[in-house]
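Throughout, a chain's letter reflects where its sequence line sits, starting with A, and its residues are numbered from 1.
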Amino acid sequence: MQLSVAGQQISVEAGATFADAFKQALSNKQYKNLVVARCGESLLDLTTAIPADCAAVEPVFADSPEGLVVIRHSTAHVMAEAVKKLFPTAKVTIGPSVDNGFYYDFDYERPFTPEDLEAIEAEMLRIVGADKAFARQELTSAEARAHFDADGEKYKVELIDDLGVEQVSTYTQGGFTDLCRGPHVPRTGLLKAFKLTTVAGAYWRGDEKNPQLQRIYGTAWATPKDLKVYLERLEEAKKRDHRKLGTQLDLFSFHEDVGGGMVLWHPKGALTRAILEDFERKEHLKRGYQFVQGPLILRRELWEKSGHYDNYRENMYFTEIDEQAYGIKPMNCLSHMLIFKSRLRSYRDLPQRYFEHGVVHRHEKSGVLHGLLRVRSFTQDDAHILCRPDQLREEIIGVVKFVRDVMDIFGFNFEAEISTRPEKSIGSDEDWDRATDALKDALEHMDMPYAINAGDGAFYGPKIDIKIKDALDRSWQCATVQCDFTLPERFELSYIGEDGNKHRPVMLHRVILGSIERFMGVLIEHFAGAFPVWLAPTQARILTVTDAQNGHAEKVLRFLQEKGIRAEADVRNEKLGYKVREAQLDRIPYMLIVGDKEVEADGVNVRVRGGADVGFVSLSGVAQIILDAAHEPFKRGGMSYSFS
RNA sequence: GCCCAUGUAGCUCAGUCGGUAGAGCACUUCCUUGGUAAGGAAGAGGUCAACGGUUCAAUUCCGUUCAUGGGCUCCA
């Protein structure tokens, strides 16, 4: 038969496998790097006989995204084999590939220890060294069920029962057989680069009511070199960890006596957030938002009316005084609605865009707290837009544009997701459909691709979530736009229309940065602590060579401060090298060195954060350099900003 | 909330097989006045996370709580 293999027409005998075909079409080197075959949409084992309906086949190499998925999945099987060999009473469950690696969940009588992981990894290396074949078997569900039942693999039996199909496939390598759709690499010898990383608890089928299993995570790559690069990237991420940098740069801390998830902002961290917030306020004013502010606690009845008491109570803090119950706000919308409601509104007044840096408290489960990225007390850059239905689309577009403008300043890329109606929710199907359509419509108008997150909306309406991608290509949920037809209903918000009758406004909840705390955490990691000049809490530090220059340092400091530059002077009795090192570790953008020469010439010697030596610069010259650098990120959008 | 691990000086960590603790950096003082990533010396600094239990004796063993870390589930 004739078929196209990697773009070449070749002929193969009937019954030939994909491996036979590739052997003809590929160089020896390419062939060795081959993992599976792709025929149309499906990936197939190389050992599979070429089906009659397959006219064109493409190779999938080890280092391709699809190839890596196969390698990781096969490595998971090898790990399961190793675990069964070392711990025969462990029950296997599932073991998929994930980003950068794989995991396999086991039911075992005790937790696995780091020493167990070493032993398992050593056993895996033996299995890989033996270069065993992965063999696929097709069998009926009944046969497979009998096989796993005989082995006491109750989880596999449950999986087969739930699949509810006639035929299943299994894969065997060495003495280990696993229920699996495949495909797999042809031989274990192709798995050249893996490492077990961690062991963790996980629920069977992700449900916390189910038994807790032992999950072993590993990473696997096409080559040892790729593995090494990945492990180095992990090290890099560790160095950028905002919790570590937060201590090193003296930005913030947590205190056991304060409670979990409560941040204490130190002067440098508080200044940086103040700059962020100031920047945001100015951008909101430019876009027609109005500042408002509500209290931290509101009477419980109000939360009952909004539906938060029924739907969100377990996440709220409550307090009581004079027999009056109050809820500490987990969201800012109620005050904003009451402000809207405080007087009669005309259709001419809409949209009303209320903005507040609102401090909210949410009692997140103790196990989910994570540095600044998940806290219990945080500040949202929150706004509620109350508008007419016909203004909805334009308002959503305005918000998405706002997000784009702001994220450009930081150099973040982003992607959008639309989340639809969850099970626990309020409002009519019609309202939900209308709101969801408006969100889709706005993203389509903006030519922004989006994914759908079915059932992931807030209880009061669907939403667009915007995830930003940082310097290490990790994504973070920050901005969100939530459409809400239900709260205006519950609070009987209205405006007088052109027709003189009352009409119901639509409310948009939206945040741009999300939470200031989380965004700060993301920024710290994105910039590895080296904030851009406009955000850096200290923009310049004056370093004296000896105390003979203290007077000049004082003069330079005052000069820069008068220009609105955040500067400080290091006049300690230390050597210059020592001061430079500290300034570098503190990620100060500009080090201004003053020795006798600079006093003489009335200027400074500039060293920038990256280590480059600018040389001698006059006082007005250095102020200009710093102010220009602070302005740089805003140039692209024709924007400007300065904190003073 | 669940599973596992961890909690010793401001930071990073040693240590005590049960007899109340140590280093480096940081801090203070002194010497040193040194030109681009750590000059030298001395000093001070700890209820060994908190609370209970076992013990003649607990920082060490056990329990509980709190906090932190890695996951699960959930979220800005």
Side-chain angles (χ1 to χ4, degrees), chain A residues 103 105 110-114 197-217 241 243-244 247-248 250 253-262 312 314-315 330-332 358 360 362-382 419 422 456 458 463 465-467 476-480 482 509-519 521-522 543-550 572-586 591-598 605-608 611-615:
Chain A
Y103 67 80
D105 286 347
R110 64 166 178 85
F112 292 115
T113 64
T197 49
T198 177
V199 59
Y203 301 105
W204 168 235
R205 302 193 141 180
D207 190 331
E208 56 188 329
K209 289 184 204 76
N210 284 338
Q212 187 134 26
L213 309 170
Q214 302 291 322
R215 173 170 298 179
I216 302 177
Y217 279 95
D241 190 312
R243 294 165 296 188
K244 197 170 171 166
T247 304
Q248 279 172 14
D250 199 16
S253 64
F254 292 90
H255 200 291
E256 195 178 330
D257 297 337
V258 174
M262 313 279 182
Y312 204 72
E314 62 273 25
N315 281 297
M331 294 163 184
N332 305 298
V360 297
R362 299 184 183 174
H363 189 266
E364 304 291 350
K365 291 180 183 174
S366 58
V368 306
L369 301 177
H370 180 98
L372 293 177
L373 302 178
R374 194 76 182 273
V375 295
R376 285 182 172 150
S377 172
F378 59 100
T379 310
Q380 292 183 303
D381 56 336
D382 204 5
S419 297
D456 219 24
K463 61 179 179 174
D465 281 328
I466 292 174
K467 295 194 168 161
W476 304 99
Q477 152 87 75
C478 291
T480 154
Q482 308 185 349
H509 309 246
R510 51 105 283 194
V511 289
I512 305 292
L513 305 181
S515 108
I516 302 294
E517 283 74 8
R518 175 177 289 182
F519 199 77
V522 173
L543 312 180
T544 51
V545 177
T546 73
D547 54 17
Q549 296 90 37
N550 287 3
R572 290 175 304 169
N573 177 14
E574 297 289 353
K575 289 195 173 171
L576 182 58
Y578 182 90
K579 295 181 182 181
V580 167
R581 178 185 147 82
E582 284 211 340
Q584 193 72 42
L585 291 175
D586 287 345
M591 284 161 246
L592 311 181
I593 287 110
V594 297
D596 286 338
K597 279 180 276 178
E598 288 73 26
N605 190 290
V606 180
R607 178 191 160 112
V608 294
D613 189 355
V614 177

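- Pair assignment for rU16(B) gives none, since no Watson-Crick or G-U wobble pairing has each distance under 3.5 Å.
- A distance of about 27 Å separates the C1' atoms of rC27(B) and rG35(B), rounded to the whole Å.
- Not counting sequence neighbours, the partners of Val545(A) by the side chain to side chain contact (heavy atoms under 4.5 Å, CB included) test are Gln549(A), Leu576(A), Ile593(A).
- Ion pairing of Asp465(A) with Lys467(A) is absent here, as no side-chain N (NZ or NE/NH1/NH2) approaches a carboxylate O to less than 4.0 Å.
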Q: Could you run through nucleotides 24-31 of chain B and give me one letter per nucleotide, 5' to 3': B if any protein heavy atom sits under 4.0 Å from the base, S if only the sugar-phosphate is that close, - if neither?
A: --SS---B
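- Of the nucleotides present, none pairs with rC74(B) by Watson-Crick or G-U wobble criteria with both distances under 3.5 Å.
- Nucleotide rU28(B) forms a Watson-Crick or G-U wobble pair with rA42(B), both donor-acceptor distances falling under 3.5 Å.
- Of all nucleotides present, only rA5(B) satisfies the Watson-Crick or G-U wobble test against rU68(B), with each distance under 3.5 Å.
- Look at rU59(B): it lacks any Watson-Crick or wobble partner with both distances under 3.5 angstrom.
- Distance check: Gln380(A) CD to Arg510(A) CZ gives 10.0 Å after rounding to the nearest 0.5 Å.
- For Arg581(A), the side chain to side chain donor-acceptor pair (under 3.5 Å) test picks out no residue, with sequence neighbours left out.
- Between the side chain of Asp613(A) and the base of rU36(B) there is no donor-acceptor pair of N/O atoms closer than 3.5 Å.
- Remark: rA37(B) base-pairs with no nucleotide; criterion is Watson-Crick or G-U wobble with both hydrogen-bond distances under 3.5 Å.
- Applying the side chain to side chain donor-acceptor pair (under 3.5 Å) rule to Tyr217(A) yields the partners Arg215(A); only residues at least two apart in sequence or on another chain are considered.
- As rounded to the nearest Å, rG1(B) and rU64(B) have P atoms that lie 15 Å from one another.
- Comparing rU47(B) with rU60(B), their C1' atoms are spaced 15 Å from each other, to the whole Å.
- The gap from the C1' atom of rA49(B) to that of rA5(B) amounts to 16 Å, rounded to the nearest Å.
- Every residue was checked against the salt bridge (charged side-chain N to carboxylate O under 4.0 Å, His left out) condition with Lys575(A), not counting sequence neighbours, and none meets it.
- To the nearest angstrom, P of rA37(B) lies 11 Å from CG of Leu543(A).
- Counting only residues at least two apart or in different chains, salt bridge (charged side-chain N to carboxylate O under 4.0 Å, His left out) contacts with residues 362-377 of chain A comprise Glu208(A)-Lys365(A), Glu364(A)-Arg374(A).
- With sequence neighbours excluded, no residue forms a ring pair (Phe, Tyr, Trp, His ring centres under 6.0 Å) with Trp476(A).
- Atoms OH and CD1, on Tyr103(A) and Ile216(A) in that order, are 13.0 Å from each other to the nearest 0.5 Å.
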Q: Any chance you could list the contact pattern along nucleotides 65-76 of chain B? Use B for base contacts, S for sugar-phosphate-only contacts and - for none, protein heavy atoms under 4.0 Å, 5' to 3'.
A: -BSSSBBBBBBB
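- Distance CD1 (Ile216(A)) to P (rC4(B)): 15 Å, rounded to an integer number of Å.
- Residues passing the side chain to side chain donor-acceptor pair (under 3.5 Å) test with Asp241(A) are Arg243(A), sequence neighbours excluded.
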Under 3.5 Å, which N/O atoms of the protein pair with N/O atoms of nucleotides 10-13 of chain B?
none

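- Under the rule for a salt bridge (charged side-chain N to carboxylate O under 4.0 Å, His left out), the partners of Glu517(A) that lie at least two apart in sequence or sit in another chain are Arg273(A).
- Across the P atoms, rU28(B) and rG22(B) are found 24 Å apart, a figure rounded to whole Å.
- For the P atom pair drawn from rG7(B) and rU54(B), the interatomic distance equals 25 Å after rounding to whole Å.
- The side chain to side chain donor-acceptor pair (under 3.5 Å) check on Thr247(A) picks up nothing, with sequence neighbours excluded.
- Distance check on atom P: rC3(B) versus rU8(B) gives 24 Å, rounded to whole Å.
- Annotation: rG43(B) and rC62(B) have their P atoms spaced 38 Å apart (nearest Å).
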